[in-house]
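Proteins come first, then strands; the chains are lettered A, B, ... in the order of their sequence lines, and each starts at number 1. Bear in mind the structure is a predicted one, so any value in this text is a computation, not a measurement.
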Amino acid sequence: MPELPEVQTIVMELREAGLIGCKIRSVKVQWDKIVAVPDAATFAQELTGQTIAGFARRGKYILIQFEAGKYLLLHLRMTGQLIIKKATEPVLKHERVVFELDDGRTLRYHDTRKFGRFYLVNDPQAVIGKLGWEPLEAEFTVQSFTAGLVQHARQLKPLLLDQTFIAGLGNIYVDEALFAARLHPQRLANSLTKTEISALHQAIRQVLQKGIANRGTSLGNGEGNFASASRRRGRNQESLTVFRRTGQACPRCGTAIQRLIVGQRSTHICPKCQQLKNKHKV
DNA sequence: GTCTATGTTTGCGG
DNA sequence: TCCGCAAACATAGA
């Protein structure tokens, strides 16, 4: 569930909460497989006594830097949440890792489906080295995007979901960006015109920026839905145009939104605004 | 109660 | 290179 805007929202809240400078007093791992690197016991031992130096995001990963130089990387996968709570609050069933801080607070990793993973490493590149563009950074230009797209005879949506091509997009924001750019998810990447590439480039940045401004997308009411570090829900779901809106009116032309499967993923389009025609490249 | 879908990623086989 | 499928799990919703 957490894509770039949701992860960014969490990182911003961790910074605002004043966790930088806090020391970890203890680490309890309740489900060992959540720790990918190293083993859970070593993980807990090495983090105990460490002081938090900063928080960052790369793609859908949260990076926590420590004063001694190590990095803790976290991927939330489907249902992961990183939440700040007082140490006195009871540990919930799905809280898989609890970091006790030296100021009476705890940082808890909550994950109903247990897909999320922690990596404690010296060099973050070992984990995030293969990620593609950071779409909101200056490096993601129309020119570089064009050069990347022409190299792939793949359907647009699976390519945009490929984190080694572009980092941070997931099912929600890809559907939203393709709608905004009026492109069919099955258009071949190397078939786009200059105009279409510009529109897609702009759409990707726009939907992500809007998602961040809205503090993320929280669908439904289940416990696995997105919540920020302070347990707040986002409100970007109110701004979605096509995602999970099957049968509802397209906000642009009123046509009923359709659901289809592309690259084994549930996909939502306006059949009138996003027609499949693999035009000849200009 | 039963069945299906799920916002992610990885690895396998064709 | 690219695609489809399965798996890692637990829950929501029908």
What pairs with A:R58 under side chain to side chain donor-acceptor pair (under 3.5 Å), at least two apart in sequence or on another chain? A:E134

With respect to the phosphate group of B:dT6, does any side-chain polar atom (N or O) of A:R265 fall under 4.0 Å of OP1 or OP2? no

Chain A reaches DNA chain C, atoms under 4.0 Å from its heavy atoms, from C:dC2 to C:dA12

Test side chain to side chain contact (heavy atoms under 4.5 Å, CB included) on A:V262 and A:L156; report intermediate values, then the result. CA-CA 10 Å; A:V262 178; A:L156 218 35; over 6 Å; no

By nearest-heavy-atom nucleotide on DNA chain C, the more 5' of A:F115 and A:Q264 is A:Q264

Given side chain to side chain contact (heavy atoms under 4.5 Å, CB included), test A:I24 with A:F66 step by step and report yes or no. CA-CA 10 Å; A:I24 295 177; A:F66 293 95; 3.7 Å; yes

In whole Å, what separates the P atom of C:dC5 from that of B:dT6? 15 Å

Within 6.0 Å of NZ in A:K70, more than 12 heavy atoms from elsewhere: yes

Please work out if A:R117 contacts a base, only the sugar-phosphate, or nothing of the nucleic acid, heavy-atom cut-off 4.0 Å. nothing

A:S266 vs B:dT6: side-chain N/O to OP1/OP2 distance below 4.0 Å: yes

Between B:dT9 atom C1' and A:K60 atom NZ, what is the distance in whole Å? 9 Å

When you compare C:dC9 with B:dG1, how far apart are their P atoms, in angstrom units rounded to a whole number? 23 Å

For residues A:T9 and A:S228, is any side-chain donor paired with an opposing acceptor at under 3.5 Å? no

Flag for A:R232-A:S230: side-chain donor and acceptor within less than 3.5 Å: no

When you measure from the side-chain N and O atoms of A:H75 to the phosphate of B:dT8, is any distance below 4.0 Å, counting only OP1 and OP2? no

Please tell me which of A:K114 and A:G263 maps to the more 5' nucleotide of DNA chain C, matching each residue to the nucleotide holding its nearest heavy atom. A:G263

Indicate the ring-plane relationship of A:F145 and A:H201, choosing parallel, tilted or perpendicular according to the 30° and 60° boundaries. tilted

Base, sugar-phosphate or nothing for A:E6? Non-hydrogen atoms, less than 4.0 Å. nothing

Interface with DNA chain B, restricted to residues 161-173 of chain A and to heavy atoms under 4.0 Å: A:Q163, A:G170, A:N171, A:I172

Heavy-atom contacts under 4.0 Å between residues 213-222 of chain A and DNA chain B, which residues? A:T217, A:L219

Just by modelled atom types, is the A:K23 backbone N or O under 3.5 Å from a matching donor or acceptor in the A:D102 side chain? yes

Quick one: which protein N/O atoms are closer than 3.5 Å to N/O atoms of nucleotides 10-14 of chain B? Pair and distance per line, please.
none

Under 3.5 Å, is there a donor-acceptor pair between the A:Q163 and A:Y61 side chains? no

Just say parallel, tilted or perpendicular for the rings of A:F99 and A:F118, cut-offs at 30° and 60°. perpendicular

Quick one: label A:N225 by what it contacts on the DNA or RNA (base, sugar-phosphate, nothing), any heavy atom closer than 4.0 Å. base

Can A:R187 and A:E196 be said to form a salt bridge (charged side-chain N to carboxylate O under 4.0 Å, His left out), step by step? CA-CA 11 Å; A:R187 277 288 297 280; A:E196 288 171 333; 2.9 Å; yes

So, under a plain 3.5 Å distance rule, would you say the side chain of A:R113 forms a donor-acceptor pair with the base of B:dT6? yes

Quick one: stems involving DNA chain B, counted as three or more successive Watson-Crick or G-U pairs, both distances short of 3.5 Å. B:2-6 with C:10-14, B:8-14 with C:2-8

